[in-house]
Amino acid sequence: MATAYRSGWHFIDLVTAIPHSGDSLMVTVFGEPVVVTRDEDEDVRAYRCLRKPRGAPQPVRCAIRYGMIFVNLDQRDHRLADPGVSDVRTISATPRSA
């Protein structure tokens with residue numbers, strides 16, 4: 001049943017929770033730790049924190065809509081058009097749950 005709710009966009013917090021460059025927020029979504037951070041370019045990015053020995057944090061789709069942060073944990077939605085180019089960035093798409 002959890003996999004049905006795992007797909008789609010999920011509200012994390014308001015953008016005001018990470019107002020400055022370098023700020024971060026750690027939350028747990030369906031038992032998985034997710035870090036949401038604001039980088040030097042003021043973009044908001046999200047990463048799934050994988051446990052050792054799996055490796056580095058995995059990028060997660062992140063969207064800002066109406067001042068709210070949403071993330072999408074569904075791997076089926078993480079396909080890239082060109083696998084050599086990373087397209088992980090803040091997007092302005094309307095989340096399905098909004």
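Keep in mind it's a predicted model, so treat the numbers as computed, not measured.
Shown here for Y47 and T37, the closest heavy-atom pair between the two residues is CE1-CG2, 3.9 Å. Scanning all heavy atoms of the two residues, the minimum distance from R38 to I18 falls at NE-O, 2.6 Å. Between S21 and E40 the shortest heavy-atom distance is OG-CA, 3.2 Å. Summarising the geometry of R61 relative to W9, their closest heavy-atom pair is NH2-CZ2, 3.5 Å, with the distance given to 0.1 Å.
Ionic pairing of D39 and R45 is present here: one or more N-O contacts between side-chain nitrogen and carboxylate oxygen are shorter than 4.0 angstrom.
Judged as a side-chain hydrogen bond (donor to acceptor under 3.5 Å, both in side chains), and not counting sequence neighbours, D23 has no contacts. For V34, the side-chain contact (heavy atoms from CB on, under 4.5 Å) partners at least two apart in sequence or on another chain are V27, V29, V36, A46, L73. Residues forming a side-chain contact (heavy atoms from CB on, under 4.5 Å) with V35 (at least two apart in sequence, or on another chain): S24, M26, C49. With sequence neighbours left out, the salt bridge (charged side-chain N to carboxylate O under 4.0 Å, His left out) criterion links D13 to no other residue.
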Q: Go through F70 and H10 one step at a time and tell me if the side-chain contact (heavy atoms from CB on, under 4.5 Å) criterion holds.
A: CA-CA 5 Å; F70 294 88; H10 303 285; 5.9 Å; no

